[in-house]
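To find a chain, count down the sequence lines: A is the first, B the second, and so on, and within it residues start at 1.
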Amino acid sequence: MLDPKFVRANPEEVAQLLSKKGFEFPLQAFQALEERRRDVQIRTENLQNERNTRSKSIGQAKASGQDIAPLLAEVSQLGEDLEAAKNELLQVQDQMDALLLGIPNLPDASVPEGQSEDENIEVRRWGALPEFDFEARDHVALGEQATQLDFEAAGKLTGSRFAVMRGNLARLHRALAQFMLDTHTQSHGYLEVNVPFMVNADSLKGTGQLPKFEEDLFRVPFGERDYYLIPTAEVPLTNLVRDQILDASELPLRMVAHTPCFRSEAGSSGRDTRGMIRQHQFEKVELVQLVRPEDSMQALEELTAHAERILQLLELPYRTVCLCGGDMGFGAAKTYDLEVWLPGQNKYREISSCSNMTDFQARRMLARWRNPETGKPELLHSLNGSGLAVGRTLVAVLENYQQADGRVAIPQVLQPYMGGQTFL
RNA sequence: GGAGGGAUGGCUGAGUGGUCGAAAGCACCGGUCUUGAAAACCGACGAGUCGAGAGGCUCCCAGGGUUCGAAUCCCUGUCCCUCCGCCA
């Protein structure tokens, strides 16, 4: 959520910044609503003030033994007026909340202009592309040997966009997750956290998936209310600090979690139907940081580097792109995507997305820290990034480490996790 | 599933219808003292919101209700704790 004060004071600037993200800020509607809110609020508070004052004097009259009947008669109309004003205020505030909750975060000044992913800016490339003296196979072909990667079985068990992995392939998948967790906890200073894979609506509202993107989620009816399968560990990790005031000494707070992620992929039917690039369920190692506001842009560079380090250690070629305004997510102020080279598709594909959400999520969550300089609680900045998507990393390993005979070599850093094996 | 007890400021914890946004202690901050520190003492000290300011309004788990007036009474829900049962 944006700072209502800032929006109120700078509506034109907000509209202008949001247009960079391809979002049209409803300026007229906002200003009309804001004006009405102010009127109704002032009227309501005046009535409340009067009620409080009179009730107090009734209390005093009663204490001193006076007859309070005439005083009671005076306030009889007040209650009704106050109730009407309160109801109107609630209505206006609901409308204002609904409006503000649907507005995306403002893009940082350094974010490139652009409508779509075609206008993202490549900031660096790492690693040499593999050269094969044979036709590169994709991960589906490589994985189907000995039915280690089985989409048919998953279709029977569940449906499309699920996968079954067996044997060494399942082990390699697990090895990747372990390797990522170990690297982030041991080399990058993250605290490993094990979190629920289902969350409530408040958590999703806090990180920004609700109310706007409900159709992307799997909802689980439970008693009187609903739970949701997490679309990313960003949700439970970031919400750990919801309604909290952290001490300055706890910052920066760096957390990492390995979880399954569940996405309905509502808007993407027909895309990436082959293979395990786009699944309803996939595993991800997620990095989250909570930092002082002035540190967040530097933290984004560091967090991105932490994710990149995994690709480097796995010796997978990749590039880092800075998303343009039009391609950025709802809550992000700035985003770097990591794209790994997939020989089977002959292109770079997203394997990580690292974002600085600034105070956008913190405001929704009321996640704060006590600033020693002011002594006051102030909003934190939150960041998150995949470090990395495990399934897609497995795909990248298969395709980049394939041999002429169809076998797949195991990256050196994973061999200790694979009982010393060098090939799958 | 059954029985009971809880939820109050950063933390602990008093408060059962009126002057309570809320005692006390701890923590934090400022000061005195000290070569420095500790201790002691003094002071300040919840959050949000509206307002130029004075000041107003809201918030004692959440949502309803009773009342002129609710932290306090009633209803519903959530979470936590204890005991019993069941269970991975």
Pick base, sugar-phosphate or nothing for [X], based on heavy-atom distances below 4.0 Å to the nucleic acid.
X	result
A/Asp247	nothing
A/Arg37	sugar-phosphate
A/Pro372	nothing
A/Arg363	nothing

Practice task
Give a yes or no on whether a donor-acceptor pair under 3.5 Å exists between the nucleobase atoms of B/G18, that is its base, and the side chain of A/Lys62.
Solution key: yes

Considering only the [atom1] atoms, how many Å lie between [N] and [M], rounded to the nearest integer?
N	M	atom1	value
B/A71	B/G17	C1'	11 Å
B/G25	B/A40	P	13 Å
B/G77	B/U82	P	23 Å
B/C20	B/C59	C1'	14 Å
B/C68	B/U76	P	24 Å
B/G9	B/A22	P	14 Å

Grab the [atom1]-[atom2] distance between [X] and [N] for me, whole Å please.
X	N	atom1	atom2	value
A/Asp359	B/G48	CG	P	14 Å
A/Leu246	B/G10	CG	P	13 Å
A/Glu378	B/A47	CD	P	11 Å
A/Leu71	B/G18	CG	P	18 Å
A/Lys56	B/C57	NZ	P	8 Å
A/Gln41	B/G55	CD	P	20 Å

At under 4.0 Å, does any side-chain N or O of [X] touch on OP1 or OP2 of [N]?
X	N	value
A/Arg368	B/G10	no
A/Arg54	B/G18	no
A/Asn52	B/U58	yes

Assess whether atom CD of A/Gln77 is packed by more than 12 heavy atoms of other residues, nucleotides or ligands within 6.0 Å. yes

Here the pair of heavy atoms bringing A/Asn105 nearest to A/Ala332 is CB-O, 3.7 Å

Subject >> Proximal nucleotide (of B/C50, B/C57, B/A47) relative to the A/Pro377 side chain >> reply: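 Nearest nucleotide to the side chain: B/A47.
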
(message) Tell me which one of A/Gln148, A/His173, A/Gln421 satisfies side chain to side chain donor-acceptor pair (under 3.5 Å) with A/Asn168.
(response)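 Answer to the side chain to side chain donor-acceptor pair (under 3.5 Å) test with A/Asn168 among A/Gln148, A/His173, A/Gln421: A/Gln421.
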
**Side-chain heavy-atom pair A/Val241, A/Met365 within 4.5 angstrom cut-off** = yes

dist A/Leu176:CG -> A/Leu314:CG (nearest 0.5 Å) comes out at 6.0 Å

